[in-house]
Amino acid sequence: MSEIESRDFIRQIIHDDLESGKHEHIVTRFPPEPNGYLHIGHVMSICLNFGISEETSGWTYLRFDDTNPSRESEEYVAAIERDLCWLGFDWGDRLTHASDYFERLYAAAVTLVEADLAYVDSLSADEIREYRGTLTKPGRNSPHRDRSAEENLNLLERMRNGEFAEGEYLLRAKIDMSSPNMNLRDPALYRIRHVTHQHTGDTWSIYPMYDFAHTMSDAFEGITHSLCTLEFEDHRPLYNWFLDQLKPSHRPRQIEFSRLNLAYAITSKRKLSALVEEGIVEGWNDPRMPTIAGMRRRGYPAAALREFVKRGGVTKKNKLIEMGVLENCMRENLGDESERRMAVLRPLKVVLTNYPDEKVEMMEAMNHPGRPEMGTRELPFSKELWIEQDDFMEDAPRKFFRLKPGGEVRLRFGYIIRCDDVIKNDAGDVVELRCSYDPDTRSGTGSSDRKVKGTIHWVSSEHAVDASVRLYDRLFTEVNPNSAEDFHAVLNAGSLETVSAKLEPSLAELKPETAVQFERLGYFCTDSEEHSVDARVINRIVTLRDSWSKLEKQAMQQQGKT
RNA sequence: UGGGGCGUAGCCAAGCGGUAAGGCAUCGGGUUUUGAUCCCGUGUACCGCAGGUUCGAAUCCUGCCGCCCCAGCCA
C-alpha cells in the first residue's frame with residue numbers, strides 16, 4: 001500500500017492546479033442535453049465531475065445544455081434530475097440551463113460581430129457544405145464573409161426579431177476556411193429556429209450552437225475544468241478561440257477523457273431512443289436498458305453502479321468493459337446487503353411419502369449466512385414441496401450432486417431426502433418425484449450432521465405464493481453492438497423470459513423496489529411499476545456465480561469435439 | 001492521401017530513465033446445509049513493431065504499423 005493513491009490523469013492535473021495555487025476551488029459541471037435518458041456512459045461523467053468536486057471541496061453545476069429546442073423536452077429534464085438524485089449526487093442550488101445565458105450569449109455574439117470576428121452568412125446549408133471543402137481539401141470563403149459590421153449587426157438583430165425564415169441566415173465565426181481542423185472553418189454560432197423552447201418559450205427565434213454556448217456557459221459559471229469525452233478534442237481549439245477573443249473573467253480549461261463502453265450494450269441516445277420508439281423494449285426504463293432508469297428498475301444498487309464506474313478508470317484509451325465487471329459489482333454489493341430467501345423458478349413437485357399428511361413444521365432459516373444480526377425467519381415444511389426442475393436429473397453425470405433416482409440431497413434448512421420414484425406423464429416428462437425423508441436429519445438438530453453432497457432449495461407447495469419472475473439477459477448478441485451496421489440484426493431474441501415462480505410465504509408482501517437473494521439462483525428485485533402484493537412481479541438483477549454451469553458448458557464442448 | 005487522439009496479460013489499469021503494481025476474468029486447492037460467500041495459491045505481458053540515445057528505456061528520440069474521432073444550420 002503506497003501512501004499516495006495513484007490518481008488518474010485528470011485528478012493529477014487538478015491536484016497540480018490546487019497545489020500551484022492556480023485555483024482555490026475546483027468547479028465542474030455535468031451538462032446533459034435533455035433529449036433522452038441518461039445511460040451508463042453518463043454515469044461515468046457524473047461520477048467524475050461530482051466526484052472531483054466532492055474530493056476537493058469544490059462544487060458542480062447541473063447544467064442543461066438546452067440549445068436545440070427541436071429535440072429537447074421537459075420529460076427528459078425531469079428524468080435526468082431523478083436519475084442524478086437516485087445515483088446519490090446533489091447539485092444544491094446550482095441547477096442551470098444554457099438557456100439562462102441566452103441574453104449574455106447574444107451580447108457576446110454582438111461583440112464578435114463588432115470586432116469583425118463573426119458575420120452573417122446567407123448561403124444555404126448545401127452551399128455551406130460545399131464551401132467547407134473536405135478533410136483533404138481546404139474550404140473557400142463565403143461570398144458574404146466581408147459584409148460590414150454594421151450590416152452584420154443589422155442582420156443579426158433582425159434574425160433575433162424573427163424576420164427571417166429558418167435557414168435563410170446563419171451567424172458564423174470568422175476564423176479560417178483552410179484550417180486542417182474542420183471545426184475552425186467558420187463554424188456556425190447561431191441558427192434561426194422558429195420553435196418553442198421548453199424553457200424559454202417563444203422569446204427567441206435564434207439559438208446558439210453547442211461550441212459557442214458551452215464554452216461561454218463554462219466561463220460564466222466559473223468552471224475551472226470542463227471535462228468532456230474524446231470526440232470533442234478537435235473542438236478544443238475552437239473552445240480556446242472563443243476564450244481568446246472574448247476574454248471572459250474566468251478561463252475554463254477543457255480536458256477530454258474516453259467514454260465508457262459496456263460490452264453487449266448500446267450507449268448511443270439515438271439508438272436507445274430507437275429501441276424505445278420501435279417497441280423493442282418497453283420504455284426508457286426497461287430493465288434491459290443500460291439507462292440509469294433501466295438499471296435502477298432492474299435492481300442495480302446505486303452504490304454498485306458507482307463502484308463499477310470507478311473500476312473502469314479514467315484514461316484516453318477507447319475501452320469496452322466486460323459485462324462480468326458490472327455483474328460482479330452487483331454481486332458484491334447485493335451479497336453483503338440483501339437478505340436471503342427461497343424461491344423456485346421452474347417448479348417440480350416432490351411428495352414425501354413417509355411424511356405425515358397434515359403435518360407442518362416450521363424451520364428456522366438465516367436471513368444472511370455471514371451476518372447473523374440480520375436475523376432469521378421461519379419456513380413451513382410439509383409433505384408436498386416444490387423443487388427446481390434443474391435440481392433433478394434422471395441420468396446424472398458423476399459430478400452432479402443434486403437429486404437423482406435413488407440419490408440423496410439435503411433440503412436447505414430442512415431434511416435429507418431420497419428420491420425413490422420418478423413419475424412421468426404420457427409425453428415422458430418428469431412431473432413428480434416420490435421421495436422419503438430421514439426424520440433424524442432435521443436442520444439445526446444435533447443429529448443433523450449427516451453429510452450429503454448436495455443442498456437444494458425448496459418451497460412448501462401448500463404455503464407457496466405465486467410470482468411472475470422475469471429473467472433478463474443481454475439485449476444484444478454482439479460484444480460491441482455500437483459498431484454493428486444495423487443493431488436490429490444483433491438483437492438477442494432471448495433477452496427476456498418470464499416464468500411463474502413459487503415463493504416462500506415470507507415474500508408475500510414485499511414492497512416494490514426491494515432486492516433479495518433467492519438462494520442458489522441470484523439476486524432479484526420487485527418491479528417498481530408492476531409489482532403489488534396481489535400480483536407479484538419480480539426482476540432478476542443478476543445470477544449467482546455458477547461454477548456448475550461452467551462445468552456443464554465445458555463438458556458440452558468436449559462432447560462436441562470428440 | 002488533411003487534422004486530432006490512442007496502443008502495458010482475455011477485460012480494465014498503475015508506471016513519469018533503474019530493470020513490469022492492482023482489480024476483474026482464468027486455472028488449481030481449502031472451508032461451506034447457497035456448486036454462493038470466504039480463504040489461499042496461480043500469469044513466459046517479445047510494455048504495437050523496428051531502429052537509435054544511455055551503464056541502463058514501457059518510460060527519451062526517429063521511422064513504421066494498427067485502432068478511434070472530425071466534412072450537422074446536433075451535442
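Order of the sequence lines fixes the chain letters, A, B, ..., with proteins taken first and strands second; residue numbering starts at 1 for each chain.
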In terms of the nearest nucleotide of RNA chain B, which residue is placed more toward the 5' end: A:T315 or A:D546? A:T315
Side-chain N,O (A:R193) to OP1/OP2 (B:C74) below 4.0 Å: yes
I need the CD-C1' distance between A:E307 and B:G23, as an integer number of Å. 10 Å
For B:U33 and A:R402 - does any side-chain N or O of the residue sit under 4.0 Å from the phosphate oxygens OP1/OP2? no
Syn or anti for B:G72? Use the chi torsion, O4'-C1'-N9-C4 for purines and O4'-C1'-N1-C2 for pyrimidines, with syn inside 90° of 0. syn
Below the 4.0 Å mark, does B:A71 have OP1 or OP2 next to a side-chain nitrogen or oxygen of A:R140? no
So, does the side chain of A:R129 form a donor-acceptor pair with the base of B:G72 at under 3.5 Å? no
Quick check: on RNA chain B, is the nucleotide nearest A:P31 upstream (toward 5') of the one nearest A:S547, or the reverse? Name the residue that is more 5'. A:S547
Between A:E233 and A:K316, is there a side-chain N and carboxylate O pair less than 4.0 Å apart? yes
When you check the phosphate oxygens OP1 and OP2 of B:C74, does a side-chain N or O of A:R191 lie under 4.0 Å from one of them? yes
Selected nucleotide, minimal atom distance to A:R311 side chain, candidates B:G23, B:G2, B:G5: B:G23
Taking B:A21 as the reference, what is the distance to B:G35 when you measure between their P atoms (whole Å, please)? 37 Å
Assign A:Y523 to base, sugar-phosphate, or nothing according to its heavy-atom contacts below 4.0 angstrom with the strands shown. nothing
Can you tell whether the side chains of A:E339 and A:R341 come within less than 4.0 Å, N to carboxylate O? yes
Presence of donor-acceptor pair under 3.5 Å, side chain of A:T455 and base of B:U34: no
Mind telling me whether A:H42 and A:H39 have parallel, tilted or perpendicular rings, with 30° and 60° as the class edges? tilted
Interatomic distance where CG belongs to A:D8 and C1' belongs to B:C6 [whole Å]: 17 Å
Side-chain N or O of A:K319 less than 4.0 angstrom from OP1 or OP2 on B:A13? yes
OP1 or OP2 of B:G35 less than 4.0 angstrom from a side-chain nitrogen or oxygen of A:K550, does that happen here? no
On the nucleotide B:A25, are OP1 or OP2 found under 4.0 Å from the side-chain N or O atoms that A:N328 carries? yes
Is the shortest side-chain N/O distance from A:K310 to OP1 or OP2 of B:A13 below 4.0 Å? no
Are a donor atom and an acceptor atom from the side chains of A:Y239 and A:D218 found within less than 3.5 Å of each other? yes
For A:I456 and B:G35, what is the distance between atoms CD1 and P respectively, to the nearest whole Å? 10 Å
Interatomic distance where NE2 belongs to A:H235 and C1' belongs to B:A75 [whole Å]: 9 Å
Is a donor-acceptor pair below 3.5 Å formed from side chain A:E256 to base B:G5, judging by atom type as modelled? no
Can you tell me the distance, in whole Å, between the CZ atom of A:R11 and the P atom of B:A13? 14 Å
Rounded P spacing from B:U32 to B:G22 in Å: 30 Å
For the CD atom on A:E157, are there more than 12 heavy atoms of other groups (residues, nucleotides or ligands in this structure) within a distance under 6.0 Å? no
Tell me the partner of B:A21, counting only Watson-Crick (N1-N3 plus N6-O4 or O6-N4) or G-U wobble (N1-O2 and O6-N3) with both under 3.5 Å; none if nothing fits. none
Using 30° and 60° as the class limits, which term best fits the ring planes of A:Y106 and A:W204: parallel, tilted or perpendicular? tilted
Could you state the atom-to-atom distance from NZ of A:K451 to P of B:G35 in whole Å? 14 Å
What is the nucleic acid contact for A:P32, judged by heavy atoms within less than 4.0 Å: base, sugar-phosphate only, or nothing? nothing
Between A:D391 and the options A:R410, A:K404, A:R402, the salt bridge (Lys or Arg N to Asp or Glu O under 4.0 Å) test singles out A:R402
Could you tell me whether A:R412 contacts a base, only the sugar-phosphate backbone, or nothing, with contacts defined as non-hydrogen atoms closer than 4.0 Å? base
A:S70 vs B:C74: side-chain N/O to OP1/OP2 distance below 4.0 Å: no
Short side-chain N/O contact from A:K317 to OP1 or OP2 of B:A13, under 4.0 Å: yes
Distance test, side-chain N/O of A:R450 to OP1/OP2 of B:U33, below 4.0 Å: no
Is there aromatic stacking of A:W548 against B:G35, centre distance under 5.5 Å, plane angle under 30°? yes
side-chain N/O A:T136 vs B:U1 OP1/OP2, d < 4.0 Å: no
Across the strands shown, which category fits A:M209 at heavy-atom distances under 4.0 angstrom: base, sugar-phosphate, nothing? sugar-phosphate
Among B:G2, B:A75, B:C24, which nucleotide has an atom closest to any side-chain atom of A:T67? B:A75
Would you call the rings of A:Y37 and A:W284 parallel, tilted or perpendicular, where under 30° means parallel and over 60° means perpendicular? parallel
Answer with yes or no whether A:H457 presents, from its side chain, a donor or acceptor under 3.5 Å of a partner atom in the base of B:A36. no
Looking at B:C6, which nucleotide sits across from it as a Watson-Crick or G-U wobble partner, both distances under 3.5 angstrom, or is there none? B:G66
Please classify the nucleic acid contact of A:E166 as base, sugar-phosphate, or nothing, using heavy-atom distances under 4.0 Å. nothing
Output yes when at least one side-chain N/O atom of A:R520 is less than 4.0 Å from OP1 or OP2 of B:A36, else no. no
